[in-house]
Amino acid sequence: MVINMSRWMQHNGFFFGALICGAGYAFMYFKKRSRNMRRTLDRLMLKFPIIGPILVKAAIARFARTLATMFAAGVPLVEAMESVAGATGNIVYEEATLRMKDEVATGQRLQRAMENTGLFPNMVVQMIAVGEESGSLDTMSSKVADFYEAEVDNAVDSMSSLLEPMIMAILGVLVGGMVIAMYLPIFKLGAAI
């Protein structure tokens, strides 16, 4: 039974390899072409237990940094929001920023538009509100970006320090398995003599 299964896998290995490659290509093609698929994947990524909060903070940091840069350069807020939407790196935040742009274009405050999306933490909304009222939106959004960039750096550092022991254990198992696979036939040969 085991021999038949191994022969079957040898003969059909190419088929399975081609199937896996085809499925990977189709996934990448539809991810690139389908906005609904990208939206679903990005929404799922934002809800992942460890990676999700890091992606949220990174999107907010990119949003705030691009907004600060565009506003400091003298670009009007409504026009700046178009570039800010593309810079967020996540389609959920991109669509929310475009909705905010439409609300700001009709005369609503940026702070209120951010609250309506439900994606931004209260601290970010309050900082933007202070920046709007004081006329220093670029300075306040730059401070938000600095804070969230530091948060992302800290989260990535702590995650990488948590992954180091797991990587060492996996490498130990792989190297140990290779050593056993190499020396076991030699030991069997020695026992047969």
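Only this structure's heavy atoms are used, side chains among them; waters, hydrogens and symmetry mates stay out. Residue indices begin at 1 and follow the sequence shown. Everything quoted here is computed from the prediction, not taken from an experiment.
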Ile50 vs Met159, side-chain contact (heavy atoms from CB on, under 4.5 Å): CA-CA, chis, key distance, verdict: CA-CA 8 Å; Ile50 296 171; Met159 189 171 71; 3.5 Å; yes
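- The shortest non-hydrogen separation linking Phe120 to Val124 is CD2-CG1, 4.2 Å.
- Contact of the Leu163 side chain with the Met166 side chain is registered, since non-hydrogen atoms from C-beta on lie closer than 4.5 Å.
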side-chain contact (heavy atoms from CB on, under 4.5 Å) between Asn116 and Gln108, worked out: CA-CA 11 Å; Asn116 291 342; Gln108 197 170 45; 3.7 Å; yes
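- With a 4.5 Å cut-off on side-chain heavy atoms, Glu103 and Arg112 do not count as touching.
- Under the side-chain hydrogen bond (donor to acceptor under 3.5 Å, both in side chains) criterion, no residue pair touches residues 170-185, with sequence neighbours excluded.
- Taking every heavy atom of both residues into account, Pro53 and Pro49 meet most closely at CD-O, 3.4 Å.
- For the atom pair CG (Leu98) and OG1 (Thr117), the distance works out to 12.0 Å, reported to the nearest 0.5 Å.
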Tell me which donor-acceptor pairs under 3.5 Å the side chains of residues 54-68 have, and how far apart each pair is, sequence neighbours excluded?
| residue | atom | partner | partner atom | Å |
| --- | --- | --- | --- | --- |
| Lys57 | NZ | Glu151 | OE1 | 3.3 |
| Arg62 | NE | Ala87 | O | 3.4 |
| Arg62 | NE | Thr88 | O | 2.9 |
| Arg62 | NH2 | Thr88 | O | 2.6 |
| Arg65 | NE | Glu149 | OE2 | 3.2 |
| Arg65 | NH1 | Ser142 | OG | 3.3 |
| Arg65 | NH2 | Asp146 | OD1 | 2.4 |
| Arg65 | NH2 | Glu149 | OE1 | 3.0 |
| Thr66 | OG1 | Arg62 | O | 2.8 |

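- Contact annotation: the side chain of Tyr93 approaches that of Leu46 to within less than 4.5 Å [non-hydrogen atoms, C-beta and beyond].
- To the nearest 0.5 angstrom, Glu94 atom CD is 9.0 Å from Glu82 atom CD.
- With salt bridges taken as basic N to acidic carboxylate O contacts below 4.0 Å, one links Arg39 and Glu95.
- Criterion: ILVMFWY side-chain heavy atoms under 4.5 Å apart, direct or through other members. Under it, Met37 and Ile91 are not part of a common hydrophobic cluster.
- In this structure, Met182 has no side chain to side chain contact (heavy atoms under 4.5 Å, CB included) partners at least two apart in sequence or on a different chain.
- Linking ILVMFWY residues whenever their side-chain heavy atoms come closer than 4.5 Å, directly or via other members, leaves Met123 and Val152 in distinct clusters.
- Heavy-atom minimum distance, Ser136 versus Ser134: OG-OG, 2.8 Å.
- The backbone N or O of Leu137 lies less than 3.5 Å from no partner atom in the side chain of Glu132, so there is not a single donor-acceptor pair.
- Under the 4.5 Å side-chain heavy-atom criterion for Ile, Leu, Val, Met, Phe, Trp and Tyr, Met81 and Val125 are members of the same hydrophobic cluster.
- Proximity of Leu174 to Ile170: side-chain heavy atoms (C-beta onward) are separated by under 4.5 Å at one or more points.
- Of the inter-residue distances, the one linking Met140 atom CE with Met127 atom CE reads 4.0 Å to the nearest 0.5 angstrom.
- Residues Leu110 and Met100 are in side-chain contact: their nearest non-hydrogen atoms beyond the backbone lie under 4.5 Å apart.
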Lys143 and Tyr148: CA distance, side-chain angles, deciding distance, side-chain contact (heavy atoms from CB on, under 4.5 Å) verdict: CA-CA 9 Å; Lys143 288 181 180 182; Tyr148 276 97; over 6 Å; no
Verdict with supporting geometry, Arg109 and Glu133, salt bridge (charged side-chain N to carboxylate O under 4.0 Å, His left out): CA-CA 10 Å; Arg109 294 181 57 197; Glu133 290 172 8; 3.5 Å; yes
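- Side-chain contact between Leu77 and Lys101 is absent, with no heavy-atom pair separated by less than 4.5 Å.
- Grouping the Ile, Leu, Val, Met, Phe, Trp and Tyr side chains by contacts below 4.5 angstrom, directly or via other members, places Val104 with Val144.
- The distance from atom CG of Asn90 to atom CE of Met45, rounded to the nearest 0.5 Å, is 9.0 Å.
- Judged by distance alone, with hydrogens and angles left aside, the side-chain atoms of Asp138 form no donor-acceptor pair with the main-chain N or O of Phe71 at under 3.5 Å.
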